[in-house]
Amino acid sequence: MTPMKIEAVELLRVRMPLVSPFRTSFGTQTHRDVLLVRAHTAGAEGWAECVALSDPLYSSEYASAAHRVIADHLVPRLFAAGDVTAALVAPALEPVRGHRMAKAAVETAVLDAQLKAAGVALRDHLGATQARVVSGVSVGIHDSIPQLLEGVAGYLEAGYARIKLKIEPGWDVAPVAAVRERFGDDILLQVDANSAYTRADARHLRKLDRYDLLLIEQPLDEEDVAGHAELARLLDTPICLDESIVSARAAYEAIRTGACSIVNIKPGRVGGYLEARRVHDVCAAAGVPVWAGGMLETGIGRAANLALAALPNFTLPSDISASDRYYAQDLTEPFRLSDGAIDVPTGPGIGVAPIPEILQDLLVDKELVRP
Ligand code: NPQ
Ligand code: MG
């Protein structure tokens, strides 16, 4: 890849209404406050979506903070680095501590521009081997069990290959039991606690062992990796880490210490697609299966996630759902489910770009950062 000059970086804020409120152990959202990054180069323009949410509840990063750190700290370092390829972005941004979601968005915008200019698809650049990605759906906490069952019935009807229930203390064993009771033992089922439990809940979480779950995702605090190792010794249900896996090194240590036997990979959480591929490789070498997480991305983030999720060690169904799971109107051409899977884009770069009129309609703010 030939290094390119980044002429300007544009930050765009988009407000996307969700088709239904999404409730997790950390709150309810009715909209997705999306930060997009557009890299202007002579050859092509690159697009990326920052996964940070509007509030610092899933992670310490949040959209407005990511916006400021990109404009004030990351992009000036990118300009100072001169001509770059995507592989040179992380080293250029390395002096800035943390802010992986912000860094991921900057690197991905450069990567998309570079690949679009070269006419190479992201999936080919990453070494993907699958043409389609099996699609699961993440189901929020509901007000009642009947409402939950109605929601799950709709997703199974639509063809989703796996159901993930969001859980929290007070909404865990009963919804899992009800879903098993109603839909049987054959559906693929897993749960995600978004760190809502403590080590003292081990005995309670053992009650989930009878429901043949694929995994329990991030039961404890993101910093309590040792607690997950302790919990893993007490549960039969496999532990999968999400929030705790912030890098390939973190994945290596979590696996080595027995804190997880499955890993959720979100490129934004680990600082970009290049680090995400390293997480994939570390897990593959350890015989640990991985799957692609989701952050309620628009088509921009979803397209790139599909390319990554097509790598060989992504062997469990993804959280990459069809556009209409979250949005009546996506920013790109909609991604559709067929036979429980979604096609990986084949066009150059991430394979998509925002539809200009739709972007214009949903845009709430923008900032152009120049050298
Ligand atoms: C997870 N994602 O795996 C995240 C958490 C998440 C698909 O379950 C608005 C409200 C946006 C809550 C994005 C899924 C969100 C959100 C991601 C939760 O932990
Ligand atoms: Mg999760």
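For ligands, and for the atoms within them, numbers begin at 1 and follow the listed sequence.
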Engineer: Give a yes-or-no answer on whether the side chains of Ser54 and Arg32 include a donor-acceptor pair shorter than 3.5 Å.
Structural biologist: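 The answer is no; no qualifying pair exists.
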
Engineer: Side chains of Ser195 and Asp221: do they bring a donor and an acceptor to under 3.5 Å?
Structural biologist: no

Engineer: By side-chain hydrogen bond (donor to acceptor under 3.5 Å, both in side chains), which residues pair with Asp330, not counting sequence neighbours?
Structural biologist: Ser323

Engineer: Evaluate the side-chain proximity of Leu231 to Arg199: yes if any heavy-atom separation is below 4.5 Å, no if none is.
Structural biologist: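 A side-chain contact is absent here, since even the closest heavy-atom pair is not under 4.5 Å.
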
Engineer: How would you list, by chain and number, the residues with a heavy atom under 4.0 angstrom from ligand 1?
Structural biologist: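 Contacting ligand 1 under 4.0 Å are Phe22, Thr24, Phe26, Gln29, Leu53, Tyr58, Ser138, Lys164, Lys166, Asp192, Asn194, Glu217, Asp242, Lys266, Gly294, Met295, Leu296, Asp319, Tyr326.
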
Engineer: Trp291 ring centre to Arg162 NZ or CZ under 6.0 Å, with the angle to the axis within 45°?
Structural biologist: yes

Engineer: Not counting sequence neighbours, which residues clear side chain to side chain contact (heavy atoms under 4.5 Å, CB included) with Val19? List them please.
Structural biologist: Ala328

Engineer: For the Mg ion (ligand 2), which protein N/O/S atoms fall under 2.8 Å? Skip waters.
Structural biologist: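 Atoms qualifying: Asp192 OD2, Glu217 OE2, Asp242 OD2.
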
Engineer: Under a 3.5 Å distance rule, please check whether Arg100 uses its side chain to pair with a backbone N or O of Val246 as donor and acceptor.
Structural biologist: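 Pair found, side chain donor or acceptor close to backbone of Val246.
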
Engineer: Classify the angle between the aromatic ring planes of His280 and Phe314 as parallel (below 30°), tilted (30 to 60°) or perpendicular (above 60°).
Structural biologist: parallel

Engineer: Can you find a side-chain donor-acceptor pair between Asn194 and Gln218 that sits under 3.5 Å?
Structural biologist: no

